[in-house]
Amino acid sequence: MGEKGRARYGLREGWRAYRLIAGMWIRSTMAYRLSFAMTLVSGLLVTGLDFVAILLMFSRVDALGGYSLPEVAFLYGLSATSFGIADLVIGSAGRLGSRVRDGTLDTLLVRPAPVLAQVAADRFALRRVSRITQGALVLAYALAATDVDWTVAKVLLVPVTLVSGAVIFGAVLVAGAAFQFVAQDAAEVQSAFTYGGQTLLQYPPTVFGKELVRAVTFVFPLAFVNWVPAAYVLDRPYPLDLPEWTAYAPPLVAVACCALAGLAWRAGLRSYRSTGS
Amino acid sequence: MDAFIELDGVEKVFDVRRRTGFLRRERRQVRAVDGLSFTVARGEIVGYIGPNGAGKSTTIKMLTGILTPSGGRLRVAGIDPARERTRLAHRIGVVFGQRTTLWWDLPLIDSYRLAHRMYRIPDARYRENLDRLVELLDLESLLEVPVRQLSLGQRMRGDIAAALLHDPEVLYLDEPTIGLDVVSKARVREFLGELNTERGTTVLLTTHDLQDIERLCSRVMVIDHGRMMYDGPLAGLHEAGESERTLVVDLERELPPIDVGPAARVVRVEGPRQWLAFPASESAAPLVARIAAEHPLVDLSVREPDIEAVIGRMYADRETVVPGARNS
């Protein structure tokens, strides 16, 4: 098998193992439907409070960094939904460090399936759809309330951005997990980047300092989750005066992030298999 | 000989970093496995023993593809484990005594159902294997119980079943009887013996329990500091380690130490009870007969040498040339 054939085989087997394991956890969750429903509702309420905070802010001001409430809701909806999707699909990988520490990673390495698929699907938490639902509701409100001159390009850009954003967050989660091969206690650091980044993106780039925006665009490209494409959709000035084509860059950024995260994961796993710790 | 597991000069070197001061770190190389060579034929049951940190687990991890060797050649069923880990996984079963391969929060049966799909076990084969394992390991009443609620012995049986559903050609067991009660131990041993005779499954067993080896293994390998110290039958190990069994006798009253000449020597006296050490390779019968004939005997028992003592003696006397040992 060539390198390419091997990679394709790995992807197929990984996806298969992922579905099997996630399916097992979903069935187990569904054994207690009522309890699951209650978890969903309470999850929806708790994540809803998050947006209420922004509503409260707007009861005092009319605009935040030049963005109106529906516009901030647009940013919020894109960020929360794409992060929610990434967290649902691959969030469990964040527990890799504890698996390395207690040695249970070894038990995954003796199964005939890629390790990343196994850690990502472990304890698949369907309750995380509550965050996706909440984000989607806010996004729906934003789409209905904003005063946008919709063109075909703008309409298409919304779902493309959503998917790309989820992939970018997913890559960050994988890279964070890979880092835990070397530093097993790095779960907190990872949360700072993922949850922190997600919260950051809920506000317009105009309220932050230039340095921070620069870092979030070029070093740690979260700006492509919503800021840049939203600037195009909402006809706003681009952060850092980026050229207009960058609004279409999210899929490219997502692919690049995936490639980097994949390399990081492979390096991490290789180092684990040569040191055993 | 059909060599199923082959190791030739296998090495594993770890870089250990240690903090020695505020910012100073010391780097040290540790050879966990140092030029290890052996072969295991299809259908053998081999005991793999050695003190803690001798390199047993590291060897098992290299044989399963978890760890990549630093040097040497290693093949299991013709496969290089480190390079083709997932392909090998279909042909091996692994039981770690200290941690489970079962899904912790889910009912036991879920782990088996998942293995059915993940290992692509044909339906008929899966059902047949599951029925057989459930019966032999007495798992029927445990199938719906979440793994975290199982006792250690129950969990171990559950783990062994999970490792065997896909008909592996070799089974690695890392301390399978650690922490088990006597009944559970006996049951696990009996099962492993049957598995080997009936299915011809090759078994490699690491253990601290000499009885595991005595009941199951025709061959034992002893490793220390990553090197092979002994490779041969168990009886030879006793000789190589010059090990001794202990005869504990309770006399009617306190008496001076029993003198039976060179056959045994008294190592301890406590009131009417005396401890006599004699070579493990000798039968206890003539000794018992002689003591019974010459002394007022109330009760007696024979204690087997404990594996650590045997091995300890062996290490203390490294110059001895032992059969099969590849390092001196």
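Below, each value reflects all heavy atoms present in this structure, side chains not excepted, and no hydrogens, waters or symmetry copies. Every chain is numbered from 1 and lettered A, B, ... according to where its sequence line falls, protein lines coming before strand lines. Every value quoted in this text rests on a predicted model; they were computed, and no experiment measured them.
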So does [X] pair up with [Y], basic N to acidic O under 4.0 Å?
{"X": "B/R120", "Y": "A/E13", "value": "yes"}
{"X": "B/R99", "Y": "A/D102", "value": "no"}
{"X": "B/D110", "Y": "A/R27", "value": "no"}

Contact class of [X] relative to chain A, heavy atoms under 4.5 angstrom:
{"X": "B/P81", "answer": "backbone"}
{"X": "B/S70", "answer": "neither"}
{"X": "B/A82", "answer": "both"}

Counting only heavy atoms from other residues, nucleotides and ligands, does the tally under 6.0 Å from [atom1] of [X] exceed 12?
{"X": "A/R101", "atom1": "CZ", "answer": "yes"}
{"X": "A/F220", "atom1": "CZ", "answer": "yes"}
{"X": "A/F193", "atom1": "CZ", "answer": "no"}
{"X": "B/Y126", "atom1": "OH", "answer": "yes"}

Derivation of the side-chain contact (heavy atoms from CB on, under 4.5 Å) call for B/Y172 and A/V110 = CA-CA 11 Å; B/Y172 302 107; A/V110 300; over 6 Å; no
Treating [X] as the side-chain partner and [Y] as the backbone partner, does any N or O pair qualify as donor plus acceptor under 3.5 Å?
{"X": "B/R117", "Y": "A/R16", "result": "no"}
{"X": "A/R273", "Y": "B/G65", "result": "yes"}
{"X": "A/R111", "Y": "B/A89", "result": "no"}

Under 4.5 Å from any heavy atom of chain B - which part of A/R123 =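 It is the side chain, since no backbone atom gets that close.
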Looking at A/G10, A/P114, A/G103, A/G23, which makes the most heavy-atom pairs under 4.5 Å with chain B?
->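 The option with the most such pairs is A/G103.
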How long is the straight-line distance from [atom2] of [Y] back to [atom1] of [X], given to the nearest 0.5 Å?
{"X": "B/M118", "Y": "A/I21", "atom1": "CE", "atom2": "CD1", "result": "4.0 Å"}
{"X": "B/L67", "Y": "A/D106", "atom1": "CG", "atom2": "CG", "result": "7.0 Å"}
{"X": "B/L114", "Y": "A/L20", "atom1": "CG", "atom2": "CG", "result": "6.0 Å"}
{"X": "B/W103", "Y": "A/D122", "atom1": "CH2", "atom2": "CG", "result": "5.0 Å"}
{"X": "B/T68", "Y": "A/Y272", "atom1": "OG1", "atom2": "OH", "result": "11.0 Å"}

Of the non-hydrogen atoms in B/R85 and A/L109, which two are nearest, and what is the gap between them?
->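 Minimum heavy-atom contact is NH1-O, 2.7 Å.
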Test side-chain contact (heavy atoms from CB on, under 4.5 Å) applied to B/D105 and A/W25, step by step | CA-CA 10 Å; B/D105 287 313; A/W25 285 100; 4.2 Å; yes
Would you say A/P112 and B/R91 make side-chain contact, with heavy atoms under 4.5 Å?
-> no
